[in-house]
Amino acid sequence: MAALIIRSLSQTTRRGVQVTSVRFANKMMADPLEHATGLEKQELMAKAAGNDNPFDMRVYKRISGDQTNPTVVPSFYEKRLVGCICEEDATCINWMWLEKGDKKRCECGYWFQLADAKPMV
Amino acid sequence: MSSSHGHHAYHLVDMSPWPLTGSVSAMMLTTGLVKWFHQFNMDLLLLSFLATILTMIQWWRDVTREGTYQGLHTQVVMKGLRWGMILFIVSEVLFFFSFFWAFFHSSLSPTIEIGMCWPPVGIQPFNPFQIPLLNTTILLSSGATVTWAHHAITSSNHSEAIQSLALTIFLGLYFSALQAFEYAEASFTIADSVYGSTFFVATGFHGLHVIIGTSFLAVCFYRLYKCHFSSDHHFGFEAAAWYWHFVDVVWLFLYIFIYWWGG
């Protein structure tokens, strides 16, 4: 045993520091997507698949919004609280409950309709 | 989609006892210090240390579970954590601002009671070009090594991150040890005029923050060792690095104004 230790030590010390295994033992970390789990991973996968707004966090631009062509708002539930910025420089948001089925008109005249939201991925 | 968390990116936290145990421990800690100072009895202080450490371990464990193992820290949650840390550090800046205010108030126009000079009559301050200068180089070096660790993490190099973070923690411990020796050797005490008061309150709170920062880095070291971080998601480490840089900057101000200009 002692001979074995002496031999391995002398072999290690004869090698220069540049070629010892310690220098090349760089253990790499996991890929961020492989490392992630749960909601975090779903968000990353949705973004990788080209969906850069997976949680529907952005403000919707109102379209022409008349009765025949309402602004469509997606929802996972039967109703969703919707806020309308009626005028460009309005200082408050007008909130209303939008329910699935009927179209609804904001007091400013624009129409809205609730649609089924698609799953994130 | 995880059904229990709804169709949104936010992390609605579960009920947790740690804010309560943390508050009780912090109250016990201050009360325990007063009891120690006045009655030379450390019972309450040691009990509060135990309660504080148990709270820290379990709270950190819970956040690690939520972030790393349950994947609840989405992009928008991380943004919130970032703002939280930024606001916390701003509040810490204001905390130290008050000690510098006290120092400059007393040193810029010294009163007749202290001899109308700074340092006050009878005070022999430390030589700023001995241990304090060494401490400056130690903390500046640790700022470099923590940046090295960050670069290693963002380039997914686990081995190098471990080495550089270990070096950073070692430098933090070295700084604390030197400050402890310096305190033991001091020729003045916290009760020796306003010089001793401002000196030990400012450098003492800074030392406490170095210890807290070293603990924060040590938690990151453990998490790095356990492979909790990825090259894109390692906010725990970033928060510790921000905190460490803050502690570093406070030391530079302490060194320049209290040790050097004021000594």
Side-chain angles (χ1 to χ4, degrees), chain A residues 12 17-60 72-83 95 97-100 114-121, chain B residues 1-14 63-81 148-166 220-221 223-238:
Chain A
T12 314
V17 73
Q18 275 83 5
V19 290
T20 57
S21 51
V22 177
R23 245 186 98 82
F24 291 101
N26 279 350
K27 193 173 115 191
M28 301 309 279
M29 284 155 61
D31 173 74
L33 188 61
E34 296 294 324
H35 189 272
T37 185
L39 205 57
E40 184 200 353
K41 185 165 192 160
Q42 286 178 322
E43 182 180 32
L44 292 177
M45 288 198 300
K47 287 192 173 170
N51 179 2
D52 63 345
N53 185 26
F55 293 109
D56 190 22
M57 302 275 281
R58 297 204 187 128
V59 175
Y60 281 82
V72 177
V73 180
S75 174
F76 287 101
Y77 303 100
E78 282 310 299
K79 57 180 182 176
R80 182 172 176 181
L81 197 57
V82 174
W95 297 98
W97 278 106
L98 200 55
E99 293 186 30
K100 264 189 192 149
L114 214 56
D116 287 325
K118 292 194 203 92
M120 188 165 62
V121 261
Chain B
M1 177 68 73
S2 160
S3 60
S4 60
H5 296 285
H7 300 283
H8 60 78
Y10 296 99
H11 177 198
L12 306 181
V13 289
D14 299 313
V63 175
T64 302
R65 283 177 180 170
E66 291 159 1
T68 305
Y69 292 103
Q70 294 184 285
L72 293 169
H73 289 181
T74 57
Q75 306 276 311
V76 73
V77 172
M78 292 222 282
K79 202 187 217 176
L81 294 174
W148 173 18
H150 196 194
H151 279 272
I153 290 173
T154 52
S155 48
S156 286
N157 192 333
H158 191 266
S159 316
E160 212 169 294
I162 286 277
Q163 291 158 13
S164 48
L165 191 53
C220 289
F221 183 83
R223 296 190 63 199
L224 183 68
Y225 177 73
K226 287 282 183 185
C227 296
H228 288 181
F229 298 136
S230 77
S231 59
D232 277 3
H233 192 163
H234 47 263
F235 179 68
F237 171 82
E238 283 183 275

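From a predicted model like this one, the values you see are computed outputs, not experimental measurements. First the proteins, then the strands, lettered A, B, ... as listed; each starts at 1.
When heavy atoms are compared at a cutoff of 4.5 Å, His233(B) approaches chain A solely by way of its side chain, counted from C-beta outward. Using a 4.5 Å cut-off between heavy atoms, Leu44(A) contacts chain B through its side chain alone, with no backbone atom that close. Heavy atoms closer than 4.5 Å to chain A are found in both the backbone and the side chain of Ile153(B). Using a 4.5 Å cut-off between heavy atoms, Ala36(A) makes no contact with chain B at all. For a residue to count as touching a neighbouring chain, one of its non-hydrogen atoms must lie under 4.5 Å from one of that chain's; by this rule Tyr69(B) touches chain A with the backbone only.
Under the 3.5 Å distance criterion, the side-chain polar atoms of Glu43(A) are matched with a main-chain donor or acceptor of Gln75(B). Without hydrogens or angle criteria, His35(A) side chain to Ser231(B) main chain gives no donor-acceptor distance under 3.5 Å. At distances below 3.5 Å, at least one donor-acceptor pair connects side-chain atoms of Ser159(B) with backbone N or O atoms of Lys27(A).
A heavy-atom distance below 4.5 Å is found between the side chains of Phe55(A) and Thr74(B). For the pair Met29(A) and His158(B), the minimum side-chain heavy-atom distance is below 4.5 Å.
With rounding to the nearest 0.5 Å, the separation of OG in Ser156(B) from CG in Asp31(A) is 8.0 Å. The NE2 atom of His11(B) sits 10.0 Å away from atom CG of Leu39(A), with the distance rounded to the nearest 0.5 Å.
Around NZ of Lys100(A), the count of heavy atoms belonging to other residues, nucleotides or ligands within 6.0 Å exceeds 12. The environment of OH in Tyr60(A) is crowded: more than 12 heavy-atom neighbours from other residues, nucleotides or ligands sit within 6.0 Å.
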